[in-house]
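Since the structure is predicted, the reported quantities are computational estimates derived from the model, not experimental observations. Atom set for the values below is all heavy atoms of this structure, side chains included, hydrogens, waters and symmetry mates excluded. Lettering of chains follows the sequences in order, A, B, ..., and the numbering in each one begins at 1.
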Amino acid sequence: MTRSDSPTYLLGELAERIGARLIGDAGRRVNGLATLRDAGPDQVAFLANRAYLKDLPATRAAAVLLHPQHGEACPVARLELDNPYLGYAALSRLFDPLASRAPGGVHPSAVVDPSATLGARVDVGANAVIEAGVSLGDDVVIGPGSVVGADTAIGAGTRLHANVTVCHGVIIGQRVILHSGCVIGGDGFGFAHDGARWHKIAQLGGVVLGDDVEVGSCSSIDRGALGDTLIGNDVKIDSQVQIAHNVQIGDHSALAGCVGIAGSTKVGRHCMLGGGVGLSGHLTICDGVQVTGMSLVTNSIHEPGVYSSGTGAMKNTQWRKNAVRFKQLDDIAKRLSRLEKGSDG
Amino acid sequence: MTRSDSPTYLLGELAERIGARLIGDAGRRVNGLATLRDAGPDQVAFLANRAYLKDLPATRAAAVLLHPQHGEACPVARLELDNPYLGYAALSRLFDPLASRAPGGVHPSAVVDPSATLGARVDVGANAVIEAGVSLGDDVVIGPGSVVGADTAIGAGTRLHANVTVCHGVIIGQRVILHSGCVIGGDGFGFAHDGARWHKIAQLGGVVLGDDVEVGSCSSIDRGALGDTLIGNDVKIDSQVQIAHNVQIGDHSALAGCVGIAGSTKVGRHCMLGGGVGLSGHLTICDGVQVTGMSLVTNSIHEPGVYSSGTGAMKNTQWRKNAVRFKQLDDIAKRLSRLEKGSDG
Amino acid sequence: MTRSDSPTYLLGELAERIGARLIGDAGRRVNGLATLRDAGPDQVAFLANRAYLKDLPATRAAAVLLHPQHGEACPVARLELDNPYLGYAALSRLFDPLASRAPGGVHPSAVVDPSATLGARVDVGANAVIEAGVSLGDDVVIGPGSVVGADTAIGAGTRLHANVTVCHGVIIGQRVILHSGCVIGGDGFGFAHDGARWHKIAQLGGVVLGDDVEVGSCSSIDRGALGDTLIGNDVKIDSQVQIAHNVQIGDHSALAGCVGIAGSTKVGRHCMLGGGVGLSGHLTICDGVQVTGMSLVTNSIHEPGVYSSGTGAMKNTQWRKNAVRFKQLDDIAKRLSRLEKGSDG
């Protein structure tokens with residue numbers, strides 16, 4: 001998608017910004033980033049995965065970001081870097097049209113309570129609502145239609161995209177990104193049963209998001225029942241994720257789309273949960289655990305490593321037969337044991 | 001999270017409000033609720049689960065709510081009640097800062113159609129939209145950014161948090177709570193296929209939510225194709241839940257996060273669906289059914305009890321071997337039968 | 001749900017509009033559509049599934065839409081059509097109260113950037129936001145509270161319901177329907193890891209939705225990392241669905257509620273994914289594939305047909321025993337092989 005408002009750079013500038021060694025014309029101007037295959041003569045491409053080495057000889061890019069070991073094979077100018085994938089990340093941020101937008105101040109249609117305190121260069125979008133006692137750090141961007149509830153504090157450089165909801169009394173760190181439709185601080189799911197009906201337990205805790213957290217579209221992080229729901233620094237949360245009350249997520253962990261974590265579970269640091277993974281409540285997951293997609297975890301995990309559950313898809317006709325047998329599995333195991341005893345005798 | 005606007009109470013007042021027997025100073029003032037371990041000298045704590053009995057001797061709380069059998073062990077003032085968990089629920093609501101907010105009336109930035117009828121003490125937040133023909137009962141709160149579609153009726157005491165969407169022609173009972181980002185009355189998923197492409201079936205039914213229903217953040221309840229989608233009284237629905245068109249949920253049932261229920265399925269009264277549970281369409285689930293987390297139900301259930309599917313997580317290396325064998329399960333069962341016949345012969 | 005603003009028709013008009021043969025009074029006026037069982041004397045009913053043939057004799061409907069083969073059995077006026085289910089779809093759209101609403105123009109509370117271009121009869125709801133460079137085709141409806149990001153183009157006849165978010169630089173076809181709470185064009189989930197922490201990869205691609213696409217409540221379709229996320233023509237997406245960056249969905253495919261598709265996966269044409277299905281990233285699913293509810297697909301599928309994974313629900317007591325045995329499955333299979341070798345010897 002070529003965008004008229006994309007920033008442009010000289011190759012020399014780019015090399016300096018990302019700390020790469022340029023072999024080529026430092027004065028050549030580029031206006032975008034693309035794959036080796038798609039890049040045009042005004043764009044930069046990158047090679048960060050050997051699987052795409054085959055696309056290098058025919059690239060039409062102005063320059064290619066790559067590891068020095070592939071420099072010789074590059075038919076155009078090159079930006080050499082030891083970790084070209086990190087370099088790609090840095091380049092992508094340089095070409096992000098949102099990053100270069102000038103702050104627009106408080107839009108006249110936004111409703112900002114007079115008791116709110118706003119840092120320097122804060123941008124509050126059209127029809128956004130900032131309630132009483134809110135504090136917004138410097139360079140905060142609040143997207144159009146977003147609502148920030150009473151007494152919430154948002155750190156410097158944080159961006160809420162459009163139609164985000166942050167409820168009352170939430171604490172958000174610096175450089176956090178909240179995508180559209182996500183909800184931070186809705187009530188946790190707590191009720192007491194009297195034998196006949198439910199009685200609501202008011203959720204009096206809050207949510208604390210560390211620095212550099214990202215939360216995807218339509219995800220929800222519920223407020224704690226008494227204490228707070230705690231999301232560590234540099235935690236990355238994809239779209240459609242549900243995090244229940246009083247969950248704790250350690251620093252640098254990443255949760256893919258559609259993950260659901262039940263109440264009071266603690267996830268360690270540097271964990272990675274695949275798409276659709278479910279964690280039961282009140283578990284402890286240690287640091288360095290990976291769980292593969294759509295697995296259900298019902299017990300605590302005390303050893304780092306990769307964990308899985310479920311079965312992979314197969315043709316429905318074959319699956320039906322096997323799924324029926326699953327219901328007989330305990331019986332099958334017992335019959336096998338009997339046979340083994342018989343054959344030993 | 002200590003909040004400046006939390007209400008405060010004398011211990012004597014609290015005892016009276018929740019029907020507990022106070023042993024201690026009725027004139028002592030408290031300003032919050034916390035766990036036995038976290039409570040400070042201005043807070044009330046509670047003991048509702050024997051697992052926390054160990055925290056009782058060292059608590060610094062002003063008073064502890066507990067069962068009379070634990071009264072002797074309590075080092076501070078106490079509020080005795082036969083069901084302390086219900087008492088905790090009652091206390092939590094007393095300390096809820098939202099409950100004590102004075103209604104703000106209709107915010108000047110809200111757009112309320114002149115044909116809408118508003119009860120007494122209605123609060124319509126900033127930039128909310130109330131369409132034509134809407135009726136809001138007494139004490140209704142509509143959060144900022146929320147939209148209430150044409151001809152929808154909302155009963156007394158119901159609260160929509162920020163950025164909720166209720167579509168046209170929906171009927172909502174009394175004391176209902178809708179959390180941010182939830183959508184009530186979006187179209188059901190109905191299309192007719194002509195052999196080549198899809199033709200939309202307009203969804204002409206509505207949604208009816210009973211009294212005391214709660215719906216979590218980012219959940220969706222779709223409108224019926226012809227008749228209505230029906231959610232009974234005192235049904236509690238967590239975040240990220242999807243309820244398809246013409247589903248019926250019986251009174252007092254509870255659905256945990258990420259549940260999905262396909263079209264026209266009827267769930268009985270007093271059912272509990274664990275997180276991530278999926279119910280196929282056109283099923284009947286009788287009263288008193290519990291389904292454990294992430295189970296898939298593809299057949300009707302006619303007997304109360306606990307139901308499950310799937311397998312728990314294990315180390316990926318072990319899981320890979322077992323998952324491969326699952327694809328051979330029917331074959332394994334047949335081979336076992338052959339062996340059994342052989343050993344009988 | 002009878003609605004005061006439902007359109008009314010003469011039976012003769014209806015027959016003409018849907019191309020049916022009317023046997024009955026062309027001048028009789030009807031005001032709604034209902035099932036055979038529920039229809040009153042001012043409503044039309046339909047018979048599209050033999051399971052409801054039993055309700056035909058006692059219907060009180062003004063007329064019944066049905067296949068000619070059932071004409072004789074119909075006690076009231078009838079509309080005969082070879083495909084009555086398609087006819088029902090057509091009737092439903094005629095009775096849709098939303099379809100007959102006159103466009104309201106741009107509501108005074110909406111914020112429309114002066115650089116946006118609006119087609120004829122465009123309707124922008126209360127407190128909606130249209131950013132710079134947006135182009136809206138003729139007859140586009142933007143619901144209250146919805147936000148359309150900069151430089152997005154929306155084709156003629158497309159409707160965004162309330163509180164929809166379309167981010168910047170998205171391209172949306174004609175006659176598309178986006179339901180409340182859905183988010184089109186949030187960032188894909190892309191980060192580079194430096195061994196200690198995550199570095200964001202700015203998501204520079206867009207999203208392209210074809211013509212006649214429908215996206216359900218609270219669903220999210222993420223923007224591409226470099227190229228675009230591509231949703232074909234006539235693709236129908238239910239509520240609570242997550243589509244990751246750079247996914248491609250072929251024309252006429254349908255995705256039920258709670259589906260999650262990981263990054264860069266390509267789904268063919270005329271595919272159907274059941275509720276809660278998960279597809280891993282970087283897969284290719286060929287045309288004409290159906291996947292049953294809550295299945296996990298971790299490998300590409302190259303042959304049309306029906307695919308499944310998982311196991312159905314059973315009583316928890318029975319399930320516990322079988323789920324334990326699943327963890328022994330590889331061992332069971334090996335022991336069986338040993339026994340077989342023994343019995344051969």
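For chain B, the option among Leu98(C), Asn83(C), Asp238(C) with the highest count of heavy-atom pairs below 4.5 Å is Asp238(C). In terms of heavy-atom pairs under 4.5 angstrom with chain B, the leader among Ala313(C), Ala90(C), Gly216(C) is Ala313(C). Ranked by heavy-atom pairs under 4.5 Å with chain B, the list Asn163(C), Thr35(C), Asp96(C), Asp331(C) is led by Asn163(C). Contacts with chain B were tallied for Gln318(C), Glu214(C), His161(C); Glu214(C) has the most, counting heavy-atom pairs under 4.5 Å. Contact count versus chain B (heavy atoms, under 4.5 Å) is highest, among Cys258(C), Ser337(C), Gly312(C), Ala99(C), for Gly312(C). Ranked by non-hydrogen atom pairs under 4.5 Å with chain B, the options Gly181(C), Ser239(C), Gly257(C) are led by Ser239(C).
In this structure, Leu339(B) and Glu340(C) have side chains that are in contact, with non-hydrogen atoms separated by less than 4.5 Å.
Looking only at distances, a side-chain donor or acceptor of Gln240(C) sits under 3.5 Å from a matching main-chain atom of Cys218(B). Listed for the Ser309(B) side chain is a donor-acceptor partner under 3.5 Å among the backbone atoms of Thr311(C). Of the possible donor and acceptor atoms, one in the side chain of Asp234(C) sits under 3.5 Å from a partner among the backbone N and O of Trp198(B). The backbone N or O of Ser308(B) lies less than 3.5 Å from no partner atom in the side chain of Asn316(C), so there is not a single donor-acceptor pair. Using a distance-only test at 3.5 Å, with no hydrogens or angles considered, a donor-acceptor pair links the side chain of Asn322(B) to the main chain of Lys327(C).
For Val241(B), the part lying near chain C is the backbone, with the side chain staying farther off; criterion is any non-hydrogen pair under 4.5 Å. In this structure, no portion of Ile261(B) lies under 4.5 Å from any heavy atom of chain C. Looking at Val164(B), only its backbone comes within 4.5 Å of chain C, counting heavy atoms on both sides.
Contact check on Asp212(C) versus Arg197(B) returns a salt bridge, with a Lys/Arg side-chain nitrogen under 4.0 Å from an Asp/Glu carboxylate oxygen.
Closest non-hydrogen pair, Ala192(B) versus Leu86(C), comes out as CB-CD2, 3.8 Å. Across Ala323(C) and Gly310(B), no two heavy atoms sit closer than the pair CB-O, 4.3 Å. For Ile332(B) against Ala333(C), the heavy-atom pair with the smallest separation is CD1-CB, 3.8 Å. The two atoms that bring Phe189(B) and Ala256(C) nearest to each other are CE2-CA, 4.2 Å, heavy atoms only. In terms of heavy atoms, Val183(B) sits closest to Ser180(C) at CG2-O, 3.4 Å. Closest heavy-atom contact between Asn127(C) and Ala128(B): ND2-O, 3.8 Å.
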CA sep, side-chain torsions, deciding dist, call: Val111(B), His107(C), side chain to side chain contact (heavy atoms under 4.5 Å, CB included): CA-CA 10 Å; Val111(B) 176; His107(C) 193 277; 3.5 Å; yes

Verdict with supporting geometry, Phe326(C) and Met314(B), side chain to side chain contact (heavy atoms under 4.5 Å, CB included): CA-CA 10 Å; Phe326(C) 180 80; Met314(B) 63 198 92; 3.6 Å; yes

Residue pair Asp330(C), Trp319(B): steps toward the side chain to side chain contact (heavy atoms under 4.5 Å, CB included) verdict: CA-CA 9 Å; Asp330(C) 185 52; Trp319(B) 171 81; over 6 Å; no

CA sep, side-chain torsions, deciding dist, call: Leu204(B), Leu33(C), side chain to side chain contact (heavy atoms under 4.5 Å, CB included): CA-CA 8 Å; Leu204(B) 304 176; Leu33(C) 182 62; 4.0 Å; yes

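The interface of residues 273-284 of chain B with chain C, defined by heavy-atom distances below 4.5 Å, comprises Gly276(B), Gly278(B).
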